[in-house]
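Working notes, beginning with the structure itself.
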Protein chains: 2
Amino acid sequence: MSGKPVSLKILAAHLGLTVPTVSRALNNYADISPATRERVKRAADELGYSPNQNARRLSIGSSETIGYLMPRFSSSIAQPFVAQLLQGLGEALSKRNWDLLVIHADSSKDELTQIERTARSGRVGGLVISRPIKNDPRIRLMQDLKCPFVVHGRTASCDDYAWYDVDGEDAFVTAVNHLVALGHSRVAFVGAPLQYQFAQDRLNGYQRALQDNGLSLDQDLIQIAEFSDDGGEIATNMLLDLPNPPTAMVCLSDTMALGALAAIRARGFVPGVDISVIGYDGLKFGEHANPPLTTMAQPQAHAGRRLGDMLLSIIDGDDPSKHQELQRAHLLRRKTDGPLHVAKVLNHVSEREKIQ
Amino acid sequence: MSGKPVSLKILAAHLGLTVPTVSRALNNYADISPATRERVKRAADELGYSPNQNARRLSIGSSETIGYLMPRFSSSIAQPFVAQLLQGLGEALSKRNWDLLVIHADSSKDELTQIERTARSGRVGGLVISRPIKNDPRIRLMQDLKCPFVVHGRTASCDDYAWYDVDGEDAFVTAVNHLVALGHSRVAFVGAPLQYQFAQDRLNGYQRALQDNGLSLDQDLIQIAEFSDDGGEIATNMLLDLPNPPTAMVCLSDTMALGALAAIRARGFVPGVDISVIGYDGLKFGEHANPPLTTMAQPQAHAGRRLGDMLLSIIDGDDPSKHQELQRAHLLRRKTDGPLHVAKVLNHVSEREKIQ
DNA sequence: CTGAAAGCGCTTACAG
DNA sequence: CTGAAAGCGCTTACAG
């Protein structure tokens with residue numbers, strides 16, 4: 001910008017006042033006469049004064065900024081979450097005029113050094129971390145740095161930091177229970193590598209529900225693939241090639257479920273009739289899947305706002321462990337779940353196995 | 001953070017040097033002896049020194065930060081673009097260690113005052129504006145403020161600023177030509193309010209293609225609705241209720257096209273057989289639509305990086321008008337385009353109208 | 001090659 | 001109620 005911004009000095013000169021007086025007037029100090037306060041504010045408006053934030057923040061010793069660590073995308077389906085989350089964070093921050101910085105790790109290799117540098121450079125007063133892996137080293141690092149942070153998601157031991165998560169284990173218990181109630185006993189799990197805690201949580205829910213229902217755990221029915229629609233398709237093909245294929249499946253995400261539907265349709269089966277499929281996320285575009293995808297829907301909209309509020313509280317001095325929020329997902333029935341039929345998919349199953 | 005960050009002062013004391021010397025060593029000034037430069041750098045690493053950016057930026061008079069003006073979302077389908085765009089911007093900026101600030105307008109009302117304050121506060125050295133409306137006041141404002149900016153999209157007169165856009169007019173010419181080549185002569189346009197320039201551009205392409213092909217322009221075949229899947233569905237229902245309905249349609253976006261498919265299926269018609277539908281964006285989830293959506297695909301991935309590079313060049317002093325980049329979309333045929341049949345959808349069309 | 005000085009534009013005790 | 005002083009943590013001419 002070349003149109004030299006008005007500084008406090010210029011404003012003060014214009015008013016015939018001194019710089020500190022003008023500063024205090026603008027910041028509503030009580031010891032400034034109402035008359036001059038008004039006069040100063042009017043002049044500030046007229047001249048279009050806006051305080052230099054670098055100077056202000058250096059002076060007050062706060063960056064008035066929080067950072068969002070952008071996750072790297074493995075698949076080409078961009079994350080529909082990100083925009084919503086950022087919007088929510090922005091809403092929470094705007095109440096106090098804080099800024100939102102988006103931080104990309106150049107490579108996962110040096111993400112830690114980058115976090116450390118960011119925290120130490122005074123650019124942010126706190127960080128939002130998403131998609132933690134098991135024993136996420138970023139969490140330990142932030143604790144060591146004594147830099148406030150909140151986690152979108154959880155790790156296995158999550159007592160001593162702040163987080164916001166949806167109960168993936170509970171959701172998958174609900175999903176499996178629903179399928180069992182529909183008569184299914186061979187329910188498969190389509191998942192992604194278990195390094196991400198959410199992948200483990202949801203698998204745990206799947207396994208617990210099988211136990212609760214007295215169903216035995218068949219390792220063949222657990223298929224782990226890349227976290228994408230293509231991964232879901234590959235995993236589903238593995239399942240359908242089984243000598244004794246499942247009649248229902250729960251998928252780690254809606255995106256993976258979309259791949260599952262593609263694999264099922266490709267073999268001439270009808271999802272929701274021949275095989276039931278339940279996704280996870282409740283994304284809007286599931287409505288337009290073929291057929292519309294039944295899913296465990298989670299309340300996305302509030303995550304960003306809650307995380308922002310939490311982080312601000314912690315920066316204000318709150319105990320992080322006081323800010324832990326677990327949301328529940330709910331079953332959103334569309335068209336891919338249905339009662340067990342002795343359907344096409346089972347035709348090639350041998351008599352012996354059916355009797356079991 | 002409470003673990004008091006190491007300052008230049010501490011580092012200098014630790015080394016038995018003076019603050020400016022340490023500063024110059026770290027910044028690779030030529031007049032520092034190689035020996036001490038190394039010594040200083042090693043110590044900085046060991047103590048985990050990272051310069052306070054507020055101080056640094058105040059001193060050098062640059063925020064080393066650019067801002068991205070986050071568009072507000074009308075529909076609940078979150079923008080899959082945003083994450084990709086931010087990632088691209090981040091890549092461009094990281095080369096020079098600039099930061100990326102995400103700026104949300106509280107309401108569209110005071111977006112302008114907010115932009116002005118942001119520009120004047122020295123928080124950003126430039127701004128990325130997306131989704132311009134016709135005669136977008138933000139562009140004029142940025143020019144008046146002499147604050148560098150780039151636009152993702154264009155306005156009607158776009159000679160004197162920097163922008164990156166995909167040629168929507170050309171894309172819709174291509175889409176309509178394709179449908180005409182398949183035998184269609186009643187091609188409809190499903191659009192959104194024309195306040196957004198991209199909505200106008202694509203309508204222009206539609207109209208131009210009709211002319212080019214010697215087809216008359218039927219105002220009934222232009223349906224404007226809300227920019228969402230629901231909007232697309234409503235618009236399509238209007239079209240299907242016409243006495244003389246279209247046999248093909250082009251939709252402003254993939255999202256709207258998804259709504260169109262839903263409306264078509266709801267009447268028992270088969271998209272791509274009874275009515276052809278072409279969307280725009282080339283979003284991945286179109287593959288999973290029912291049936292997979294034919295679309296004008298655009299090269300999304302590069303937009304962010306290009307916009308970031310452009311903005312940095314302009315901040316360095318380049319003439320903005322030198323940075324204008326128009327990409328082309330290409331037809332991505334999936335399953336919703338097909339040859340004209342005298343199909344179900346035409347059954348109730350009177351003989352007289354068919355002869356026309 | 002290194003040090004002493006000044007300044008970036010704010011804020012905040014401290015006087016009067 | 002307002003002014004004079006000091007400081008936030010850097011960078012950058014200017015001496016020597």
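Letters go in sequence order (proteins before strands), and every chain restarts at 1.
Between the NZ atom of A:K9 and the P atom of C:dA6 there is a distance of 15 Å, rounded to whole Å. The distance from atom CG of B:L58 to atom P of D:dG9 is 12 Å, rounded to the nearest whole Å. We find that CG of A:N54 is positioned 15 Å from C1' of C:dG7, with the value rounded to whole Å. We find that CG of A:L8 is positioned 13 Å from C1' of C:dT12, with the value rounded to whole Å. Spacing between atom CG of A:L11 and atom C1' of C:dC10 amounts to 13 Å, rounded to whole angstrom units. Atoms CD (B:E64) and C1' (D:dC10) sit 12 Å apart, rounded to a whole Å. One interatomic measurement links the two molecules: CG of A:L15 to P of D:dT2, which rounds to 11 Å at whole-angstrom precision. As rounded to whole Å, 11 Å separates atom P of C:dC10 from atom CZ of A:R56.
Remark: side-chain polar atoms of B:Q324 are paired, donor with acceptor, to backbone N or O of B:D159 under 3.5 angstrom. Of the possible donor and acceptor atoms, none in the side chain of B:S121 sits under 3.5 Å from a partner among the backbone N and O of A:S50. A:N52 contributes a side-chain N or O that, together with a main-chain N or O of A:A55, makes up a donor-acceptor pair within less than 3.5 Å.
The structure places CD of B:Q197 at 10.0 Å from CD1 of B:I133, a figure rounded to the nearest 0.5 Å.
Shortest non-hydrogen contact noted between B:S321 and B:D160 is CB-CA, 4.5 Å.
Where DNA chain C pairs in unbroken runs of 3 or more (Watson-Crick or G-U, both distances under 3.5 Å), the stems are C:1-3 with D:14-16, C:5-12 with D:5-12, C:14-16 with D:1-3.
No donor-acceptor contact under 3.5 Å links the side chain of B:S59 to the base of D:dG9. Within 3.5 Å, a donor on the side chain of A:R24 pairs with an acceptor on the base of D:dG3, or the reverse.
For the side-chain contact (heavy atoms from CB on, under 4.5 Å) test with B:R37, the passing option among B:N28, B:T21, B:L26 is B:N28; the others fail. Under the side-chain contact (heavy atoms from CB on, under 4.5 Å) test applied with B:L307, the options B:V151, B:I66, B:L85 reduce to a single match, B:L85.
Each of B:A55 and B:P20 lies near DNA chain C, and the nucleotide nearest B:P20 is the one positioned closer to the 5' end.
Side-chain atoms of B:Y29 and B:S23 include no donor-acceptor pair closer than 3.5 Å. If you check the side chains of B:D165 and B:H152, you find no donor sitting under 3.5 Å from an acceptor. Side-chain polar atoms of A:S7 and A:Y49 form no donor-acceptor pair below 3.5 angstrom.
Side-chain nitrogen and oxygen atoms of A:S23 include none within less than 4.0 Å of the OP1 or OP2 phosphate oxygen of C:dC10. Contact check, A:Y49 against C:dC10: a side-chain N or O comes under 4.0 Å of OP1 or OP2. Between B:T21 and C:dG3 there is a side-chain polar atom (N or O) within less than 4.0 angstrom of OP1 or OP2.
Nucleic acid contact class of A:N27 (heavy atoms, under 4.0 Å, all strands): sugar-phosphate only.
Nearest nucleotide to the A:I60 side chain, out of C:dG9, C:dT11, D:dT11: C:dT11.
Of the residues in residues 28-43 of chain A, those placing a heavy atom less than 4.0 Å from an atom of DNA chain D are A:D31, A:I32, A:S33, A:P34, A:T36, in numerical order.
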